[in-house]
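Data first, discussion second: the structure below is written as structure tokens.
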Amino acid sequence: MTEYGPRPVDRRLPTEEARDLLTLVRELAEREIRPTAAEEEDAGHFPRATFTLLSEAGLLSLPYDEEFGGGGQPYEVYLQVLEELAAARLTVGLGVSVHTLACHALAGYGSKEQRAEHLPDMLGGGLLGAYCLSEPSSGSDAASLTTRATREGDVWTLEGTKAWTTHGGVADFYTVLARTGGSGAHGITAFLVPADAEGLSAAAPERKMGMKGSPTAQLHFDAVRIPDSRRIGEEGQGFAIALSALDSGRLGIAACAIGVAQSALDEALAYTAERQQFGRPIADFQGLRFMLADMATQIEAGRALYLTAARLRDAGLPFSKEAAMAKLFCTDTAMRVTTDAVQLLGGYGYTLDFPAERFMREAKVLQIVEGTNQIQRMVIARHLAGPEKR
């Protein structure tokens, strides 16, 4: 490696253990994930073997308590692991974030008996989870969901359709939000549904512009019966559980976005250092140097923002506003940086021979998932100016 050009991120980590963990993750990503990322994304291949490997390495359980098989790592460390994984392949980084989100409800609101029964396998037993909140007619307005759970004795019957489910059809378990009471946020309850439940089926995956290796599908619940022992939290508590999970999930998306942006910057740095025009590398031209400087500054600012929110979370302090800010800024940054990377590569940036175009296509979805960036602005504004007057 020359003195200038792409180089590993210089991270500020709280412990030597965390530094060793990030080194392990980076080496694993470079050896097992990045080399086949472009080919597998182009083929729409879901990397289940990679998730099994990550589970065996303890990387699907990092932010959860060691008592139930978790890694016991603070979010400050976990998010930087996500960034490294997403930099190698977004399908993997975002998949780990979604799995972590799917475990959140049970880990945070399940009974001790439920956690002892299910969490060890969910966290380190090779299982993969998914999160079911959105529906065909309720996306940003999640409180209007209509999938219904009806109770008869100790059994619940679920009827309805969930949409935009990452890992839909390939997950081993689903955290499902369903209506058990009246309309609005207070009539929703959370359930842990096994993928092999009778009456549960997945539609064909959506045809997407990016992240083709990560299946996103509707799930159909046709009289799916589950015992009350798989209800998470109290009846009617589901929406509060969902919101608490989304605050943490937004930080995961922010970290993934910075990972994609960092890979795009690295690609642009390598290309502009080698590409010659007018007798010298194009990295010598001031207009392009300024673009690289802006890209790097935006990435560092985004990384600092998501880590600030993570440290608030780790300290047990409110972080909802900061999580929304991080998700908003980091994903907008990823879109700007990846677009600039394509521009810096010129015609080659528009071809499949270089990964810049894939980074740009993948960055776009990050502005949409886990709450669109318009919703993030609403959340931030409510913290600043109070609820909207209706």
Side-chain angles (χ1 to χ4, degrees), residues 6 25-55 59-60 81-100 128-130 164-171 202-218 252-268 270-271 330-331 333-345 347-370:
V25 171
R26 185 178 296 124
E27 291 173 351
L28 184 151
E30 292 302 316
R31 182 179 68 251
E32 303 289 343
I33 301 174
R34 191 185 297 272
T36 59
E39 178 183 353
E40 291 192 357
E41 284 297 323
D42 187 52
H45 175 71
F46 176 64
R48 184 61 197 244
T50 299
F51 286 105
T52 300
L53 175 64
L54 295 178
S55 180
L59 298 179
L60 292 187
V81 169
L82 274 191
E83 184 189 328
E84 290 285 351
L85 294 173
R89 185 178 177 187
L90 181 58
T91 284
V92 175
L94 188 137
V96 173
S97 180
V98 167
H99 174 81
T100 302
L128 190 65
W164 308 113
T165 304
T166 300
H167 300 158
V170 299
E206 305 290 348
R207 299 169 61 203
K208 300 176 298 187
M209 67 183 285
M211 287 191 67
K212 296 179 181 179
S214 176
T216 304
Q218 288 191 358
I253 298 302
C256 287
I258 293 302
V260 173
Q262 185 67 57
S263 280
L265 173 61
D266 290 346
E267 181 71 15
Y271 181 84
C330 292
T331 58
T333 289
M335 196 70 247
R336 285 193 299 270
V337 168
T338 56
T339 301
D340 284 348
V342 169
Q343 187 70 22
L344 284 166
L345 269 67
Y348 291 112
Y350 199 66
T351 70
L352 300 180
D353 297 323
F354 290 79
E357 59 83 30
R358 173 166 60 87
F359 297 148
M360 186 176 75
R361 288 185 288 107
E362 291 178 341
K364 184 62 206 173
V365 76
L366 299 175
Q367 295 178 302
I368 299 170
V369 298
E370 304 277 348

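Smallest separation of non-hydrogen atoms from Ala341 and Ala264: CB-O, 3.7 Å. Closest approach of Gly168 to Ala217, counting heavy atoms only: O-CB, 3.8 Å. Between Ala254 and Cys330, the shortest heavy-atom distance links the atoms O-CB, 3.6 Å. Closest non-hydrogen pair, Gly252 versus Leu82, comes out as CA-CD1, 3.6 Å.
Ionic pairing of Arg31 and Glu27 is not present here: no N-O contact between side-chain nitrogen and carboxylate oxygen is shorter than 4.0 angstrom.
Looking at Glu206, Arg358, Arg361, Arg207 one by one, the single match for side-chain contact (heavy atoms from CB on, under 4.5 Å) with Lys212 turns out to be Arg361. Each of Val260, Leu265, Val342 was checked for a side-chain contact (heavy atoms from CB on, under 4.5 Å) with Phe359, and the lone residue meeting it is Val260.
A distance of 11.5 Å separates CG of Leu366 from OG1 of Thr333, quoted to the nearest 0.5 Å. With values rounded to the nearest 0.5 angstrom, Thr36 atom OG1 is found 12.5 Å from Asp42 atom CG. Between the CD1 atom of Ile253 and the OG1 atom of Thr331 there is a distance of 9.0 Å, given to the nearest 0.5 Å. Atom CE of Met360 sits about 15.0 Å away from atom CZ of Arg336, to the nearest 0.5 Å. For the atom pair NZ of Lys208 and CH2 of Trp164, the computed distance is 9.0 Å after rounding to the nearest 0.5 Å. Atom CE of Met209 and atom NZ of Lys364 lie 8.5 Å apart (nearest 0.5 Å).
Side-chain atoms of Leu128 and His167, non-hydrogen and from C-beta on, do get closer than 4.5 Å to each other. Side-chain contact between Leu54 and Leu28: present, with at least one pair of heavy atoms (C-beta onward) separated by less than 4.5 Å. A 4.5 Å side-chain heavy-atom check between Leu345 and Glu267 finds at least one atom pair inside the cut-off. Put simply, the side chain of Pro47 reaches to within 4.5 Å of the side chain of Phe51, judged on heavy atoms.
For Gln343, the CD atom counts as loosely surrounded, since its 6.0 Å shell holds 12 or fewer non-hydrogen atoms of other residues, nucleotides or ligands.
Counting only distance, with no hydrogens or angles, the side chain of Thr339 and the backbone of Met335 share a donor-acceptor pair below 3.5 Å. Proximity of a side-chain donor or acceptor of Thr351 to a complementary backbone N or O of Tyr348 within less than 3.5 Å is detected. Counting only distance, with no hydrogens or angles, the side chain of Arg34 and the backbone of Ala29 share no donor-acceptor pair below 3.5 Å.
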Tabulate below the donor-acceptor pairs under 3.5 Å that side-chain atoms of residues 84-99 make, not counting sequence neighbours, or state none.
from: Glu84; atom 1: OE2; to: Arg11; atom 2: NE; distance (Å): 3.2
from: Glu84; atom 1: OE2; to: Arg11; atom 2: NH2; distance (Å): 3.1
from: Glu84; atom 1: OE2; to: Arg26; atom 2: NE; distance (Å): 3.3
from: Glu84; atom 1: OE2; to: Arg26; atom 2: NH2; distance (Å): 2.9
from: Arg89; atom 1: NE; to: Glu41; atom 2: OE2; distance (Å): 2.7
from: Arg89; atom 1: NH1; to: Glu40; atom 2: OE1; distance (Å): 2.7
from: Arg89; atom 1: NH2; to: Glu41; atom 2: OE2; distance (Å): 2.9
from: Arg89; atom 1: NH2; to: His45; atom 2: O; distance (Å): 2.9
from: Thr91; atom 1: OG1; to: Glu41; atom 2: OE2; distance (Å): 2.5
from: His99; atom 1: ND1; to: Gly129; atom 2: N; distance (Å): 3.0
from: His99; atom 1: NE2; to: Met122; atom 2: O; distance (Å): 2.9

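Under the rule for a side chain to side chain contact (heavy atoms under 4.5 Å, CB included), the partners of Ala261 that lie at least two apart in sequence or sit in another chain are Ile299, Ala334, Val337.
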